[in-house]
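These values consider heavy atoms only, across backbone and side chains, with no hydrogens, waters or symmetry-generated copies. First the proteins, then the strands, lettered A, B, ... as listed; each starts at 1.
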There are 2 protein chains.
Amino acid sequence: MNIKDIAKISGVGISTVSRVLNNSGVVSDTTRAKVLAVVKQYNYVPNSNARNLKKTQSNMIALMVKGISNPFFGNMMKEVERQVHLRGYPLMIQHVEDGVDEIAAAMQLIKEKNLCGIIFMGGTYDHSEEEFRQLGVPFVLTTITTLKDVDPSVYSSVSIDDVQSAYRATNYLISLGHRNICFLARFPFKENTIGSRRLLGYKKALEEHGIEYDPALVEDCEYAPSSGFAAAKRLMNKNLGITAMFSASDAIAIGTAKAVLSSGLSIPGDISIVGFDGIEMAEYYHPSLDTISQPGVEMAHVSIEILFDLIGGETANRHVVFESMLVKRGSSRKIN
Amino acid sequence: MNIKDIAKISGVGISTVSRVLNNSGVVSDTTRAKVLAVVKQYNYVPNSNARNLKKTQSNMIALMVKGISNPFFGNMMKEVERQVHLRGYPLMIQHVEDGVDEIAAAMQLIKEKNLCGIIFMGGTYDHSEEEFRQLGVPFVLTTITTLKDVDPSVYSSVSIDDVQSAYRATNYLISLGHRNICFLARFPFKENTIGSRRLLGYKKALEEHGIEYDPALVEDCEYAPSSGFAAAKRLMNKNLGITAMFSASDAIAIGTAKAVLSSGLSIPGDISIVGFDGIEMAEYYHPSLDTISQPGVEMAHVSIEILFDLIGGETANRHVVFESMLVKRGSSRKIN
DNA sequence: TTACTTAATCGAATCGTTTCGATACACATC
DNA sequence: GATGTGTATCGAAACGATTCGATTAAGTAA
């Protein structure tokens, strides 16, 4: 079943069928109805390969996501999917494996499939301005604030202020009297990661309060409970007198909480816990975990709005920074 | 940059370039090297729209997933992605929104994009044999055991035995002396859901031990902590003397655990908790939650193997049923 | 009547591949 | 020299859509 068959059966020309299907050009109401009836009867769906080939640009949007099993991204992905489909565009979710360069992967996809837009979710970006320029299609970076040595006019972004957010969390713990606060995050070799940016905020808060930064209090760990658990155990074994643990994700924080509780210590009696993200699982942990909450769904929503503005011809890139929120649920307490 | 340009620059014919790129037909070593050099120099990537159009079949695999934010599926998705890319095929992850018919959505995609294979993950399937037949491309259903009124030779599946697994969990609780065991799962209107199948196992265990089935002990709830929390609260307010809660997912179980603990009751002192899936977050809950663990990654792996066998020409559909495992971590206890 | 406008429709050309039948050349065989 | 057999290559014809210039019919103005 192709457009030719539909044209023949409906008794009209090929281009008329095309115009009916695309709502382009003029078609009389009777002809339109006739064609649509045949389309419906035969359950005809236009071949998108042919369509995209001719148009030299498809209407496919790609979502490149690093860390697809992260529940925080899960909710964002759902919203992206919903918004894109609402606009009648197909979405391709592409998982970028750890260690794979997301920009290079995107470049390949663009050439192969004539993408019309890309959302980058998670991942690390230490690429040159030239590399971003070469993409050649509208794109939005979510969950990353600023890129080093890249002119902001070259890309759009939707994020929270990671430095400021980590600063606020650390400040909060300090204000409760904590001095020995450890920090857990993922630090790959690349520079521009959320982990490294949150570390900056952590350091800034310490510095402002005259607390010396101790690298022994910082642990590298994956964004997963098991990894957080192991890292917290390592930290506790160092006997540094830690009274608070701040993690760069709730998944890590859950692991640290387990490490504390399973050692016979109490939260927040012995150790205070603060996470990051605002996932449901942390709220329903016992005790409920304090966290820096990100408005993930709204961020996804705005990312799509920006992307479609760009696709629609808007030339100015935009940068939206959302407010994160310190959510106090009782896993931190004031100490002497 | 298209194949014509590459041909011209390399000084060979169009079809020769095509043969080099597809490793089909004979090409002399010198010509091959010449062409590949040009391809590399210009960073040429063949247009997949044109390729798929000509071949009337693409090599795209689609993963249709319902419940994309479920961390259990997250890990399975990662494995599917890994395996598909390992074989050099592109993967398209398609989130199916709640209430959308996954088979109809797949049908659309097949016509549109000439898919060469589909993995269905999650979702409910009460479709007719005819509907599955009409798909016309190889496909594998994961996480569903058997389809009502559909000949098993029509589809492939990879799953655990949901009835048996729920039976085992319920049996375990009964063996610990529990009589008032509640069950929480999602029961949409469709019949063939994992929730309804697990309910069968739950009922079977009760029956075998002469415990009367009480519908008041069964609550409908989403696969999320918040929903499990609310459902558990509702159950507790009924004052039915519940001593154990069995949930059809760990996400729900985490919600029920929170409901118990935040009421001032203890786990497993007052109420025993058993979940389902085996996600990390449940292991790192405090206390660690007992669960029926599914080998998600292996299931994903085998699904892909079956799919590629079918794509490779294998005509016989297969049904693989994995063993689930009752994991005891201490959130259940023996009562009088 | 003629000229001009407008609305509705048509089909050829095109997008960038793959593939198949044809071709060209070298070398062996008779 | 005629014929046959590989080997390496070529280009035209699809695949199924969109689009643009051409065409037809009907209506309107002069």
Side-chain angles (χ1 to χ4, degrees), chain A residues 1-36 38-39 42-60 88-90 108-116 136-137, chain B residues 1-36 38-39 42-60 88 90 108-116 136:
Chain A
M1 258 304 149
N2 55 24
I3 200 171
K4 233 177 192 165
D5 297 325
I6 298 294
K8 204 180 300 172
I9 296 170
S10 329
V12 301
I14 294 174
S15 54
T16 302
V17 176
S18 175
R19 268 159 22 234
V20 168
L21 292 172
N22 295 288
N23 276 322
S24 63
V26 271
V27 183
S28 70
D29 287 346
T30 55
T31 309
R32 173 184 308 280
K34 204 164 49 180
V35 171
L36 285 178
V38 175
V39 166
Y42 289 87
N43 230 322
Y44 165 72
V45 180
N47 181 308
S48 73
N49 288 131
R51 164 178 285 173
N52 297 338
L53 172 59
K54 185 59 185 74
K55 306 221 286 192
T56 35
Q57 206 200 23
S58 84
N59 57 349
M60 177 111 74
Y89 284 62
Q108 173 105 2
L109 263 185
I110 289 168
K111 286 191 188 173
E112 240 184 61
K113 306 226 182 293
N114 295 118
L115 295 182
C116 78
V137 299
Chain B
M1 258 302 149
N2 56 23
I3 200 172
K4 232 176 193 165
D5 297 327
I6 298 294
K8 205 180 298 173
I9 296 170
S10 326
V12 301
I14 295 173
S15 54
T16 301
V17 176
S18 175
R19 267 160 23 235
V20 168
L21 292 172
N22 295 288
N23 275 322
S24 62
V26 271
V27 183
S28 70
D29 287 346
T30 54
T31 309
R32 174 185 308 280
K34 204 164 51 180
V35 171
L36 286 178
V38 176
V39 166
Y42 289 87
N43 230 322
Y44 165 70
V45 179
N47 180 309
S48 73
N49 288 132
R51 164 178 283 173
N52 297 338
L53 173 59
K54 185 61 187 79
K55 306 222 285 191
T56 34
Q57 207 201 19
S58 82
N59 57 349
M60 177 111 75
Q108 173 107 359
L109 264 186
I110 290 168
K111 286 190 188 174
E112 239 183 62
K113 306 225 184 297
N114 296 116
L115 295 182
C116 80

### Message
I'd like to check B/Tyr44 versus B/Leu21 (side-chain heavy atoms, cut-off strictly below 4.5 Å). Are they in contact?
### Response
yes
### A/Lys54 NZ - C/dG16 P separation (whole Å)
9 Å
### Message
Nearest heavy atom decides the nucleotide; on that basis, is A/Lys55 or B/Ser24 closer to the 5' end of DNA chain C?
### Response
A/Lys55
### Query
Within the pair B/Ser18 and C/dT18, is there a side-chain N or O less than 4.0 Å away from OP1 or OP2?
yes
### Options D/dT9, C/dG16, C/dA8, nucleotide nearest the side-chain atoms of A/Thr56
C/dG16
### Query
Separation of A/Met1 atom CE from D/dA17 atom P, in whole Å?
11 Å
### Message
Whether the B/Asn47 and A/Asn114 side chains hold a donor-acceptor pair (N or O, under 3.5 Å, no angle test) is what I'd like checked.
### Response
yes
### Any B/Thr31 side-chain N or O less than 4.0 Å from OP1/OP2 of D/dT9
yes
### Task
Specify the residue among B/Ala50 and B/Gly13 whose closest nucleotide of DNA chain D lies further upstream toward the 5′ end.
B/Gly13
#### Entry: Listed nucleotide nearest any side-chain atom of B/Val26, set D/dG16, D/dT9, C/dT17
D/dT9
### Summary
Considering only heavy side-chain atoms of A/Arg19, the closest of C/dC10, D/dC10, D/dA8 is C/dC10
### Query
Over how many whole Å does the gap from B/Ile6 atom CD1 to C/dG16 atom P extend?
13 Å
## Note on the structure
A/Asn49 CG to C/dT18 C1', in whole Å, measures 14 Å
### Message
Judged by each residue's nearest nucleotide on DNA chain D, which is more toward the 5′ side, B/Arg32 or A/Leu21?
### Response
B/Arg32
### Task
Would you indicate whether the side-chain heavy atoms of B/Val38 and B/Lys8 approach each other to under 4.5 Å?
no
### Query
Rounding to a whole Å, what distance do you find between A/Asp5:CG and D/dC15:P?
11 Å
### Query
Base, sugar-phosphate, or nothing for A/Ser28, non-hydrogen atoms under 4.0 angstrom?
sugar-phosphate
### Query
Donor-acceptor pair, B/Lys34 side chain versus B/Val12 backbone, under 3.5 Å?
no
### Query
How close do A/Tyr42 and B/Lys111 get, heavy atom to heavy atom, and via which atoms?
O-NZ, 4.4 Å
### Task
Looking only at side-chain atoms of B/Tyr44, point me to the closest of C/dA8, C/dT17, D/dC10.
C/dT17
### Side chain to side chain, A/Pro90 and A/Asn59, heavy atoms closer than 4.5 Å
yes
### Task
To the nearest Å, give me how far apart CG (B/Leu53) and P (D/dC15) are.
9 Å
#### Entry: Per A/Asn22 side chain, nearest of listed nucleotides D/dT18, D/dT9, C/dG16
D/dT18
### Message
Distance check needed: D/dT18 P versus A/Lys4 NZ, whole Å only.
### Response
14 Å
### Task
Grab the CD1-C1' distance between B/Ile3 and D/dG11 for me, whole Å please.
12 Å
### Task
Between C/dT18, C/dT9, D/dA17, spot the one nearest the side chain of B/Ile14, thanks.
C/dT18
### Query
C/dT18, C/dG11, C/dC15: which one has an atom nearest the side-chain heavy atoms of A/Ser15?
C/dG11
### Task
Go through C/dT17, D/dG16, C/dA8 for me and flag the one nearest to the B/Asn2 side chain.
C/dT17
